[in-house]
Amino acid sequence: MSDLIYFDAEAQSLLKSGVKKLCDAVSITMGPRGKLVLIEKNNEPPHLTKDGATVAKNIVLNNRVEDLGAKLLKQASENTATVAGDGSTTSTVLAKELYFRSSQALQTGIGSPSEITSYLNKKVSSIIKILNDKSKKVSSNEEIKQVATISANGDEYIGELI
């Protein structure tokens, strides 16, 4: 395969397309009413999952630039799964929105890449504060059972086991 060079609007368009494709595949699994995704691999049985990180990890796009865009989101998903153990789907959706809105700001001339990066870095601490304020510590066995039941697609038996 010969090397192709993409730049400017064409490169941005392909990157965005890859980001959107991965986000669409992962976001369908979000929340207690999320849907299952069927993953097929060569020489392996099909795998049904509702785990966003697993879905993201298994996506490979044919177009190399689109695949590069998808890999940007995979990093967010994998990092969240590694650090927090959960929330990979949410981080994928948020990363997609940050990417799309930052790209839009660049295209409209609202700011330079360094200005947008600086602005986002300044907002990190306030976002962390909001998340900490909204978070709820799970401590009782009943609360753990509720979370586990939701994570198991409403299966109370699995929730009870956990």
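Starting from 1, each residue takes its place in the sequence as its number.
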Practice item. Without swapping roles, check the side chain of S13 against the backbone of E10 for a donor-acceptor pair under 3.5 Å. Key: no

Practice item. Applying side-chain contact (heavy atoms from CB on, under 4.5 Å), name anything that partners S102, two or more places apart in sequence or on another chain. Key: I116, L120

Review point. Do any N or O atoms from the side chain of E143 and from the backbone of S139 form a donor-acceptor pair under 3.5 angstrom?
Key: yes

Review point. Which residue pairs pass the salt bridge (charged side-chain N to carboxylate O under 4.0 Å, His left out) test with at least one member in residues 69-81, sequence neighbours excluded?
Key: D67-K71

Exercise for review: Treat each ILVMFWY residue as a node, draw an edge where side-chain heavy atoms are under 4.5 Å apart, and state whether V93 and L72 are in one component.
Suggested key: no

Review point. Is the CG atom of N141 crowded by more than 12 outside heavy atoms at less than 6.0 Å?
Key: no

Point to revise | Same cluster (ILVMFWY, side-chain, under 4.5 Å), L61 and V55 | key: yes

Exercise for review: For side-chain contact (heavy atoms from CB on, under 4.5 Å), just list the numbers for L73 and K96, CA-CA rounded to whole Å, side-chain angles, deciding distance to a tenth of an Å, and then say yes or no.
Suggested key: CA-CA 7 Å; L73 250 57; K96 179 246 180 194; 4.0 Å; yes

Check your understanding: If you group Ile, Leu, Val, Met, Phe, Trp and Tyr whenever their side-chain heavy atoms sit less than 4.5 Å apart, what else falls in with V138?
Key -> I144, V147

Practice item. Give a yes or no on this: more than 12 heavy atoms of other residues, nucleotides or ligands lie within 6.0 Å of atom CD of E97. Key: yes

Exercise for review: Look at the side-chain heavy atoms of Ile, Leu, Val, Met, Phe, Trp and Tyr, link any pair under 4.5 Å apart, and say whether L68 and L106 land in one connected group.
Suggested key: no

Practice item. Answer yes or no: is there a donor N or O on one side and an acceptor on the other, between the side chain of N63 and the main chain of V65, under 3.5 Å? Key: yes

Review point. Between L94 and Y99, is there a shared hydrophobic cluster once you connect ILVMFWY residues whose side-chain heavy atoms come closer than 4.5 Å?
Key: no

Exercise for review: Determine, for F100 and K16, whether the Lys NZ or Arg CZ falls below 6.0 Å from the six-membered ring centre while staying within 45 degrees of the axis.
Suggested key: yes

Check your understanding: Got more than 12 heavy atoms from elsewhere within 6.0 Å of NZ, K145?
Key -> yes

**Study point:** Enclosure of Q107 CD (heavy-atom neighbours >12, cutoff 6.0 Å)
**Key:** yes

Exercise for review: Examine distances only and state if a side-chain atom of E115 and a backbone atom of S112 form a donor-acceptor pair shorter than 3.5 Å.
Suggested key: yes

Practice item. Mind listing the closest non-hydrogen atom pair of E66 and S17 along with its distance? Key: OE2-OG, 2.6 Å

Check your understanding: For the side chain of S27 and the backbone of C23, is there at least one donor-acceptor N/O pair under 3.5 Å apart?
Key -> yes

Check your understanding: With no hydrogens and no angle check, do the side chains of S88 and T80 hold a donor and an acceptor under 3.5 Å apart?
Key -> no

